[in-house]
There are 2 protein chains.
Amino acid sequence: MNGKGAEKGISESSQTRILDHVKKISYMPNFSAQGLRTGKTKTICMMVEDIADPFFSSIARAMEEIAYMKGYKILYSSTENNTQKAKDLIQFYRRRQVDGYILAPPPGIEEDINELIDDNLAVVLFDRTLIGIEADNVLVDNFDISYKAVKHLIENGYRNIAMITLYSEQIQMTERERGYKEAVDEIKNTYFIKNIGFYDHPASNVQEIQRFIDLNNNIDAVFFTTNYLAEMGLEAIRNLKLRIPEDLGIVVFDDDKLFRLFSPTITAIAQPIGEISEHVIKLMLMLLSGKGVKKAKKSIVLPAILQIRESSRPKSD
Amino acid sequence: MNGKGAEKGISESSQTRILDHVKKISYMPNFSAQGLRTGKTKTICMMVEDIADPFFSSIARAMEEIAYMKGYKILYSSTENNTQKAKDLIQFYRRRQVDGYILAPPPGIEEDINELIDDNLAVVLFDRTLIGIEADNVLVDNFDISYKAVKHLIENGYRNIAMITLYSEQIQMTERERGYKEAVDEIKNTYFIKNIGFYDHPASNVQEIQRFIDLNNNIDAVFFTTNYLAEMGLEAIRNLKLRIPEDLGIVVFDDDKLFRLFSPTITAIAQPIGEISEHVIKLMLMLLSGKGVKKAKKSIVLPAILQIRESSRPKSD
DNA sequence: CTGAAAGCGCTTACAG
DNA sequence: CTGAAAGCGCTTACAG
C-alpha cells in the first residue's frame, strides 16, 4: 500500500488483490492519526497582508496549485500587517503542527520567526524580509525596477516626479523609495514624497493625496508604490480634474488586470507572480524533504517588468 | 484548564497556580491528538471557482476573519469549476476530517455533496445551488437584480440590449439570463445573447465578443453577466473604437474597486460580500454546534445593489 | 522477512 | 469527586 511492494518481494497478484480491496472499501488513512504518529501534517501555512489583495490572491492561487500536486495543502491567513495578529497566527499554526511557514512578514515578528527556525521548522519568506533573520526568501528587485520606472518617466520628459508611498520601514518599501531617489538624483532635482498611513481611513487618504498634489502644482508625474495607493491617488487626480498624462504622468507599483483598459491605460510594474510562487514552493519542499535544512539560507531575487502604457507617454511640451 | 474550575469546586489559589504554570511552560494541546480523539479538527474548508477572483477572495477574507474569532480555521481551494478537481478535493478534505464544507459548487458533484450530508457532515452552499440537493445555502437574488439592471438601461433610453454570458447551466447564470429576458420582454424587443466558453482562451473570446458586437451593430447596450466577461468585453469595445455610453451602454454583474475610476465610470451590480460571508459562517457554526442538523435546510436569499455610474447614463438622442 | 506490540497526545468513560 | 486506564488510528522499531 505504500508502493514498496516490488522491493519487498510481494507477488504481483497479491498486490493487485489487496489494492483492489482497498479501493472497494475506499479506505482512506486518518490524517490526525498520521499527524499524531509522524508529527507531519502535510500542511503549509501562508500568511500575507491581505488575501483579498490581487497580488496576494494571485500568489495564493499559484502556490495552491503547485503545492496540491505535491500532496500539500495550504492554509491562508491575512495578517493585516498587524504584529500581534501575526504572532497569534504563528502560535495557532504551531498548535496545528503545520509543516511549513510561508510568510510575507509584518514588522516586529523577528523573534517569533527565529523561534520557528530554531525549532527546525521550515520557513520561507517572500515579498519582504526582516533584519536579523536568516531564512530562505524570495524577493523582487524592488530597487532596480523602481529606479527603472522613474528613469522611464525622466526619459519621457517628466521632471518633477513625486512618490506617494506608505509610512513604512519594511524593506520592500524602502527599496522602492531608494530606486525613486537614485533616479531623481540623476537629474539633480528635489524629491517630492508623500507618506500615507496604512491604517488611515481611505477617504481621508484621498484628501491628503489631493492636497499634496494641489499644493505642489509643479509636479508633473507621480510614482505610486502600491496598488491601493494608486487607487486612492487616481480618485484624488479625478477630483482635481487633472488629465493623465498631460497634467500628470503616472506609474504604479503592481499591475492590475484592468489597468490596460483604463483611458488612458496605466503604466505599471508587474511582479512575476508565477515565478515567485514556484521559487517559494520549491524552497519550501526542499526544506520539508530535509535537504537544505542545515545549508546556508538562500535569497532569490527576481526581476519585475515595467508594463509601459499611455499614462507615462512622452511629454509633448 | 477547561474553565470548569469553579463548578468542580477547585480552590481559586490552586486554579491560578496551575494556570500560571501552564502559561510558563507555554503548553499547547496537540491538535492532531485532539482531532484523533474527538474526530473534530476545528477546520472548515471552502471551495470556490478561483481564489484569485476578486469576488471570491473578498468573501474568503471576510469569512476567515469571522471564523478565526470562533476558533475555526478555513482552508481554501480553487475548483476551476472542474468537476473532477472538486470531487478530488472533497475526498482530500474528508481524509483530513475537516468539520465543515463551504462550497460554491461546480456542476456534477451532486452525489458527492449528498454523501457528505448523509454522513452528517456540515455543508453550506453559496453563490449557487445544485438541483437535487437539500443543503443550507446563501444566494444573491440574481434574477431580481439582473432584471433591475436591464430595466435601468431601458429606462435610460437603451432599446437593443445585448447580454454576454457564459455557456452555463448553473443556477446563478440562468437566473441572470432570466432577469435579462424578463426586462427585455417588457419592451417587446428581441434578445441579443452571446455565449462564451469558460475554458476558452481569453484572446479568442475577445475576438468573439468583438465580432458579435460588430455584426449586431444596432445593439446600443450590453449587460455582462460576470466580471471577467466584462474585462474581455471592455477590450473588445476598445478595439472597435466604440464610445461608452454614447455608442454602447454598459452594465456589469460584479463590481470592481476600479470601476468607479474608469472614464467613464462603469455601472455594476455589487454583491453584498459582508452579508453573504456572515450568513454562511452563521449557518455553518449552527450546523457544527449540532443545532439545526436535523432541521429543515435554510435558503437565504440576499439582495444585491445596482451601483449606477456613467456607463449607463440616459441616452441623449 | 513478517507480524504483533508499543506509543504518538489527547479525551472521556469508569473504577475506586 | 478523583485519578488511572483505555482507546482514537496510525507508524515503526523490534521480537520471533
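All chains are named by letter (A, B, ...) in the order of the sequence lines, taking the proteins before the strands, and each is independently numbered beginning at 1.
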(request) Quickly work out the Leu36(A) CG to dC8(D) C1' distance and round it to whole Å. (result) 9 Å

(request) Answer yes or no for Arg95(B) and Phe31(A): cation-pi contact, defined as NZ/CZ to six-membered ring centre under 6.0 Å and angle to ring axis within 45°. (result) no

(message) Between Asp136(B) and Lys298(B), does any side-chain N to carboxylate O distance fall below 4.0 Å?
(response) no

(message) Less than 4.0 angstrom from a charged side-chain N to a carboxylate O is my criterion; do Lys85(A) and Glu80(A) meet it?
(response) yes

(request) Report the residues that fulfil side-chain contact (heavy atoms from CB on, under 4.5 Å) with Gln97(B), sequence neighbours left out, ordered by chain and then residue number. (result) Asn30(A), Ser32(A), Thr41(B)

(request) Determine, for Lys282(B) against Glu275(B), whether the closest basic-nitrogen to carboxylate-oxygen distance falls under 4.0 angstrom. (result) no

(message) Applying side-chain hydrogen bond (donor to acceptor under 3.5 Å, both in side chains), can you list everything that pairs with Asp256(A), at least two apart in sequence or on another chain?
(response) none

(message) Measuring only the P atom in each nucleotide, how far is dG7(D) from dG16(C)? A whole number of Å is fine.
(response) 16 Å

(message) Distance check needed: dG9(D) P versus Lys40(A) NZ, whole Å only.
(response) 24 Å

(message) In this structure, how many angstroms lie between the C1' atom of dG9(C) and the CZ atom of Arg94(A), rounded?
(response) 17 Å

(request) Let me have DNA chain D in dot-bracket notation, would you? Count Watson-Crick plus G-U wobble pairs, both distances under 3.5 Å, and use [ ] for pairs crossing earlier ones and | for inter-strand partners. (result) |||.||||||||.|||

(message) Return a single string for nucleotides 10-15 of chain D, one symbol per nucleotide in 5' to 3' order, where B is base contact, S is sugar-phosphate-only contact and - is none, cutoff 4.0 angstrom on heavy atoms.
(response) BBS---

(message) Going by salt bridge (Lys or Arg N to Asp or Glu O under 4.0 Å), name the residues that satisfy it together with Asp50(A), two or more places apart in sequence or in a different chain.
(response) Arg61(B)

(message) Suppose the criterion is ring-ring contact (aromatic ring centres under 6.0 Å, His included): which pairs have a residue in residues 47-77 of chain A, not counting sequence neighbours?
(response) Tyr68(A)-Phe92(B), Tyr76(A)-Tyr76(B)

